[in-house]
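This report refers to the structure that appears directly beneath it.
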Amino acid sequence: MANENNFQDIIAHCKEYGYIFPSSEIYDGLSAVYDYGQNGVQLKKNIRDQWWKSMTQLQDNIVGIDAAIFMHPLTWKASGHVDNFSDPMIDNKDSQKRYRVDHLIEGHAEKLEQEGRKEEARALLAKMDSLLAKDDFPALKELILSNGIVCAVSGTANWSDIRQFNLMFQTQIGSVSGEADTIYLRPETAQGIFVNFLNVQKTGRMKIPFGIAQTGKAFRNEIVARQFIFRMREFEQMEMQFFVRPGTELDWYAHWKAERKKWHESIGIPADKLRYHDHVKLAHYANAAVDIEYEFPFGFKELEGIHSRTDYDLKQHQGLSKKKMQYYDNDLDENGKPYGNYIPYVVETSVGLDRLFLAVVSMSYKEEKWQKEDGTEDSRVVMRIPPKLAPYKLAILPLVKKDGLPEIARDLMHECKEFFHTFYEEKDSIGKRYRRMDAIGTPYCVTVDHQTKEDHTVTIRDRDNMTQERIHLNEVIQKIREAIK
RNA sequence: GCGGAAGUAGCUCAAUUGGUAGAGCGAUAGCCUUCCAAGCUAUAGGUUGCGAGUUCGAGACUCGUCUUCCGCUCCA
């Protein structure tokens, strides 16, 4: 069974074998940020490619886009990110409760008012507004202390300093400082799809129901980082927003709920490691929501979210942009009349690519021990990554570094690399090289030996069961392509 | 954010009461040629996380700081 110790081993293995490095490690690292190494980038790309193919190429009514990370600031006003998550916060050190500063002071003003001290309340709020406008946090804290405002839980005034709680990363657009405007790094890719809804629908002549898919980076200023790449400040999402006729959204929600779980199983994730988790408490924009959870070494956690987002987002954008986010539906209803104009409802599927990566790595990592024929114990660390996701598909190994074997191996290498990632290695004993390939998860190894010179056959070794068979040189490419289909 | 623990070579760890920083594995080059790790030779790799202090002398003691891990907290 998986456990925490195993998880530490997985993290160490990821670094040791070029999958994941802590960001900026030579400068002591950057909290909650990680880099993908030479093997990690390939695995990540392969997962992303599988998703992209399944969501666009294999679908009749879904197209992809790639929206910019920078978006007009009003986008985040519309989505609710600006108003809800960028306020000054203060913590009470005794109760460890966190408050929005404006809520805390307003609450106190209300109490004053009830006590009939209306003038004081008004003065307090006026003072607060002017200080908030100036972002004068020390003065705001002083205001809280001088008014004797205490925590409702602990009853104490043991307050931390006031800090800005920023969900979103800010930066400046415009090369001349002073004239610059604040913009945000997107906290979710979904809004790039919503703001392009009309563009795609019109230029692609899309008919409802249809979907728009996108993969890309998103950024969140989280408070703390834990659990390796499960929660990062910079992460990659794979999202698809599916636009449907109002009233049909829950049918489509059920459809995608089932489809998405099937997809995870199709890339090799065991069904018993997956489960649904229905949301009881729904976000402000949803009328149904479910997580597909994976059993990580630290427990079942969200891998993908499927949300019925109603028409919330398009309606919000219509309100702020003054552009009609409408679709004219020519299909006939039960009375034989066209459905006509409406704002489509949206069913969202949103996977964390980094989380999926971690799921694949977690399920693949195995430490194995067994008895050899002579009675001694043998062991290996193997990454049983599904072949179609593995960074390298094939390793080509000359049995010895002489007798013309490397030359044959290199010729084969040259042919293979047109079709899939191939690794070449001639140093050390053959057993050692097999172990190295096991450790990075290469599913197949072809070994060129002396017999190859006589009959043009090689051995091909299977990573998972360590068995070998002998095949003709001409069969190698076809066999690997078949295995990674 | 709070509490606890830990930072020595790429990895795992040594280094006696405070007295010259080491080993194994790994890496690199060469030898050997052997189908499942651990054959031979050589080489490289360290301001002991960082900064102060105590001391004739600090990897070790004191203080500060940074990072990581564990448990709470947070995670629309």
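Quick note: numbers below take in every heavy atom, side chains included, and nothing from hydrogens, waters or symmetry partners. Here is the naming used below: chain letters follow the sequence lines, and residue numbers restart at 1 for every chain.
Straight-line distance between the C1' atoms of B:rA21 and B:rA14: roughly 10 Å, to the nearest whole Å. Comparing the C1' positions of B:rG49 and B:rA9 gives an interatomic distance of 14 Å, to the nearest angstrom. For the C1' atoms, the distance linking B:rC56 with B:rC72 amounts to 48 Å, nearest Å. Taking atom C1' in both B:rA15 and B:rU33, the straight-line distance is 40 Å, to the nearest Å. Of the C1' atoms belonging to B:rA52 and B:rU47, the separation is 15 Å, rounded to the nearest Å. Atom name P, nucleotides B:rC13 and B:rC70: the rounded distance is 16 Å, in whole Å. Taking atom C1' in both B:rC63 and B:rU55, the straight-line distance is 16 Å, to the nearest Å. To the nearest whole angstrom, the two P atoms, one in B:rA23 and one in B:rG4, are 38 Å apart.
In this structure, A:Arg470 and A:Arg436 both approach RNA chain B, and ranking their closest nucleotides by distance from the 5' end singles out A:Arg436. In this structure, A:Glu188 and A:Asp428 both approach RNA chain B, and ranking their closest nucleotides by distance from the 5' end singles out A:Asp428.
Whole-Å rounding puts the A:Phe235 CZ to B:rC75 P distance at 16 Å. Nucleotide B:rA76 holds its P atom 19 Å from the CZ atom of A:Phe219, rounded to whole Å. For the pair A:Phe298 CZ and B:rC70 P, the computed distance is 10 Å after rounding to whole Å. Rounded to whole Å, the distance from NE2 on A:His450 to P on B:rC35 is 10 Å. The separation between A:Glu16 atom CD and B:rA27 atom P is 10 Å, rounded to whole Å. Nucleotide B:rU12 holds its C1' atom 16 Å from the NE2 atom of A:His13, rounded to whole Å. Rounding to whole angstrom units, CD of residue A:Gln227 and C1' of B:rU73 are separated by 14 Å. What separates OH of A:Tyr19 from C1' of B:rC11 is a distance of 18 Å, to the nearest Å.
Within 4.0 Å of A:Asp449, counting heavy atoms only, lies at least one base atom of the nucleic acid. Base engagement by A:Leu399 is indicated by at least one non-hydrogen atom pair under 4.0 Å involving a base atom.
Among pairs with a residue in residues 461-473 of chain A, those fulfilling salt bridge (Lys or Arg N to Asp or Glu O under 4.0 Å) read A:Arg384-A:Asp464, A:Asp438-A:Arg461, A:Asp449-A:Arg470, A:Glu469-A:Lys479, at least two apart in sequence or across chains. Residue pairs meeting the ring-ring contact (aromatic ring centres under 6.0 Å, His included) criterion with at least one member in residues 383-414 of chain A, sequence neighbours excluded: A:Tyr392-A:His421, A:Tyr392-A:Phe423.
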Any N/O pairs under 3.5 Å between the protein and nucleotides 37-42 of chain B? List them or say none.
unit_1, atom_1, unit_2, atom_2, d
B:rA37, OP2, A:Asp378, OD1, 3.2
B:rA37, OP2, A:Asp378, OD2, 2.5
B:rA37, OP2, A:Arg435, NH2, 3.2
B:rA37, N7, A:Asp378, OD1, 2.7

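Taking every side-chain heavy atom of A:Arg220 into account, B:rA76 is the closest of B:rA76, B:rA29, B:rC35. Set against B:rC69, B:rC35, B:rU33, the side chain of A:Lys402 has B:rU33 as its closest nucleotide. Residue A:Gln8 has its side chain nearest to B:rC69 when only B:rC69, B:rU28, B:rC36 are considered. Taking the side chain of A:Gln468 as heavy atoms from C-beta on, and the options B:rC35, B:rA29, B:rC69, the nearest nucleotide is B:rC35. Each of B:rA29, B:rA76, B:rC11 was ranked by its minimum atom distance to the side chain of A:Lys427; first place goes to B:rA29. Distance from the side chain of A:Tyr434 is smallest for B:rC35 among the nucleotides B:rC11, B:rU33, B:rC35.
Helical stems in RNA chain B, defined as runs of 3 or more consecutive Watson-Crick or G-U wobble pairs with both donor-acceptor distances under 3.5 Å, are listed by first residue as B:1-7 with B:66-72, B:10-13 with B:22-25, B:27-31 with B:39-43, B:49-53 with B:61-65.
Residue A:Gln451 has no polar side-chain atom (N or O) positioned under 4.0 Å from OP1 or OP2 of B:rC35.
Ring centroids of A:Tyr17 and A:Tyr19 are separated by 6.0 Å or more, keeping the two rings apart. Taking the centre of each ring, A:Tyr345 and A:Phe243 stay at or above the 6.0 Å mark. The six-membered or imidazole ring of A:Phe357 lies near that of A:Tyr36, with a centre-to-centre distance under 6.0 Å. The aromatic ring centres of A:Phe300 and A:Tyr294 sit 6.0 Å or more apart. The aromatic ring centroids of A:Phe298 and A:Phe230 lie less than 6.0 Å from each other.
Looking at residues two or more places apart in sequence or on another chain, you find no side-chain hydrogen bond (donor to acceptor under 3.5 Å, both in side chains) involving A:Gln38. Under the salt bridge (charged side-chain N to carboxylate O under 4.0 Å, His left out) criterion, A:Asp403 pairs with no residue, sequence neighbours left out.
Judged purely by atom type and a 3.5 angstrom limit, A:Thr452 uses its side chain to pair as donor or acceptor with the backbone of A:Thr457.
Note that CD of A:Gln214 and CG of A:Asn196 are 8.0 Å apart. Values are rounded to the nearest 0.5 Å.
Applying the 3.5 Å distance criterion, the base of B:rC36 shares a donor-acceptor pair with the side chain of A:Arg461.
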Please report the C-alpha distance between A:Gln191 and A:His81 in whole Å, then the side-chain angles of each, then the deciding distance to 0.1 Å, and finally whether the side chain to side chain donor-acceptor pair (under 3.5 Å) criterion is met.
CA-CA 11 Å; A:Gln191 298 304 327; A:His81 286 87; 5.4 Å; no

